[in-house]
Amino acid sequence: MSAVLHTDGLTVQFGGLKACNEISLDVNRGELLGLIGPNGAGKTTFINAITGFVPATGRVLFDDEEVLGWVPHRIAHRGLTRTWQSLELFGDISVRANLEVAATKLTPIKAVRDYFGSSQRVAARVDQTIDALEMHEVLNARPDDLSMGYRKLVGVARALVADSKLVLLDEPAAGLDRSETSWLAEKLRQVIDYGISVLLVDHDMGLVLNVCDRIHVIDFGKTIAIGTPEEIRTDEAVIGAYLGSSGGEEQ
Ligand SMILES: Nc1ncnc2c1ncn2[C@@H]1O[C@H](COP(=O)(O)OP(=O)(O)OP(=O)(O)O)[C@@H](O)[C@H]1O
Ligand SMILES: [Mg+2]
């Protein structure tokens, strides 16, 4: 399996603090990789760095192309997309309309051209995503009227319709109860079945250990373990990092 994302020595410095310190991480194609670590370990900073939101050093190969130093929208256009904790949905238009907007990856000129030229292609992609995530029942609802679980799923669906190769999820289960979390976990596996790779950051250890193919663990900006859920569950460095902080014990 080749890597869709490969970082080598990725480092982000905030003054005297190395929030990410030489992180070398691979997400293989078709893989759901978990990125975990106690509070302040550098997980969000890592996502910000590879999506172009904070400056970094090292290498970031996405789909075999060096993207370090690119502006965020250029990276997103290549198919590396993230969801936001704040979700960034249009709350008062339908779920379908939210997906259509995401599917056109708008620039104003492209929006006009897409509207007249390829709106059928957009509709087909939206339909495909709705099928893949089995979202038919909420298609005409507005995100503002949906449960938190469904709103998170619309965020994931937006990344899917945008033709992503890799989706980065920063704490998608935050604010979800146990049954919504296991429902979301099932949906994340459907995303993988759809042929997209996922990097999942979450504090919910149950979710991460259950759903991920492999897990990459960082603490104080550095990699401390990489392995399967079974390996990570019993890894002494990981247990030590979580026992030594309140971060991973939250849920
Ligand atoms: N813009 C910034 N300027 C200065 N320091 C920052 C900045 N952003 C993050 N940090 C620091 O970098 C470190 C890593 O933060 P980050 O938010 O990446 O951690 P995290 O693993 O996502 O934590 P959490 O689990 O709490 O979300 C922390 O010490 C944080 O205080
Ligand atoms: Mg974070």
Side-chain angles (χ1 to χ4, degrees), residues 5 7-27 32-60 62 67-72 75-76 80-88 148 151-152 155-156 159 166-178 181 184-185 188 198-212 214-227 229 232-233 235 237-251:
L5 176 76
T7 72
D8 194 7
L10 188 83
T11 299
V12 177
Q13 186 124 16
F14 294 123
L17 172 79
K18 282 187 175 159
C20 293
N21 191 350
E22 303 267 335
I23 296 181
S24 297
L25 172 148
D26 281 323
V27 183
L32 204 171
L33 182 82
L35 173 63
I36 63 169
N39 285 123
K43 306 177 298 290
T44 297
T45 304
F46 180 83
I47 288 183
N48 288 341
I50 61 177
T51 48
F53 287 89
V54 298
T57 57
R59 301 191 70 193
V60 180
F62 175 64
V67 299
L68 194 69
W70 288 20
V71 292
I75 297 174
L80 205 185
T81 45
R82 64 186 296 178
T83 62
W84 298 87
Q85 188 129 15
S86 58
L87 286 174
E88 309 240 315
M148 181 59 99
R151 296 213 313 261
K152 301 258 177 174
V156 174
L166 173 63
V167 181
L168 312 174
L169 304 170
D170 195 0
E171 303 203 23
L176 301 188
D177 65 25
R178 195 169 288 274
T181 300
L184 185 70
L188 293 182
V198 176
L199 177 70
L200 170 68
V201 170
D202 212 281
H203 276 296
D204 188 322
M205 277 295 200
L207 170 68
V208 173
L209 289 169
N210 266 327
V211 82
C212 292
R214 285 188 314 131
I215 299 171
H216 190 119
V217 191
I218 60 175
D219 192 19
F220 295 111
K222 283 191 167 168
T223 299
I224 59 166
I226 303 170
I232 294 304
R233 209 188 290 268
D235 186 284
V238 176
I239 294 167
Y242 276 93
L243 288 179
S245 81
S246 57
E249 307 295 306
E250 277 178 350
Q251 296 181 23

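Just so you know, ligand 1 is whichever comes first in the structure, and atom 1 is the first atom listed for that ligand.
Side-chain contact between F46 and L10 is present, with at least one heavy-atom pair separated by less than 4.5 Å. Proximity of D235 to V217: side-chain heavy atoms (C-beta onward) are nowhere separated by under 4.5 Å. Side-chain contact check for V156 versus P172: every heavy-atom pair is 4.5 Å or farther apart. The side-chain heavy atoms of L68 and R59, taken from C-beta on, include no pair separated by under 4.5 Å.
With sequence neighbours excluded, the residues that form a side-chain contact (heavy atoms from CB on, under 4.5 Å) with T11 are K18, E22, T57. Taking R233 as the reference, nothing meets the side chain to side chain donor-acceptor pair (under 3.5 Å) condition, with sequence neighbours excluded.
The distance from atom CG of D170 to atom CD1 of I47, rounded to the nearest 0.5 Å, is 4.5 Å. With values rounded to the nearest 0.5 angstrom, M205 atom CE is found 12.0 Å from N210 atom CG.
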Could you list, one pair per line, each nitrogen or oxygen of ligand 1 together with any protein nitrogen or oxygen closer than 3.5 Å, giving atom names and the distance rounded to 0.1 Å?
from: ligand 1; atom 1: 18 (O); to: T45; atom 2: N; distance (Å): 2.9
from: ligand 1; atom 1: 18 (O); to: T45; atom 2: OG1; distance (Å): 2.5
from: ligand 1; atom 1: 19 (O); to: G42; atom 2: N; distance (Å): 3.3
from: ligand 1; atom 1: 21 (O); to: A41; atom 2: N; distance (Å): 3.2
from: ligand 1; atom 1: 21 (O); to: G42; atom 2: N; distance (Å): 2.9
from: ligand 1; atom 1: 21 (O); to: K43; atom 2: N; distance (Å): 2.9
from: ligand 1; atom 1: 21 (O); to: K43; atom 2: NZ; distance (Å): 2.8
from: ligand 1; atom 1: 22 (O); to: T44; atom 2: N; distance (Å): 2.9
from: ligand 1; atom 1: 22 (O); to: T44; atom 2: OG1; distance (Å): 2.9
from: ligand 1; atom 1: 23 (O); to: G40; atom 2: N; distance (Å): 2.8
from: ligand 1; atom 1: 25 (O); to: N39; atom 2: ND2; distance (Å): 3.3
from: ligand 1; atom 1: 25 (O); to: K43; atom 2: NZ; distance (Å): 2.7
from: ligand 1; atom 1: 25 (O); to: H203; atom 2: NE2; distance (Å): 2.9
from: ligand 1; atom 1: 26 (O); to: N39; atom 2: ND2; distance (Å): 2.9

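A donor-acceptor pair is defined here as one N or O able to donate and one able to accept, closer than 3.5 Å; no such pair exists between the side chain of K43 and the backbone of I218.
Annotation: protein N, O or S atoms under 2.8 Å of the Mg ion (ligand 2) (waters excluded) comprise T44 OG1.
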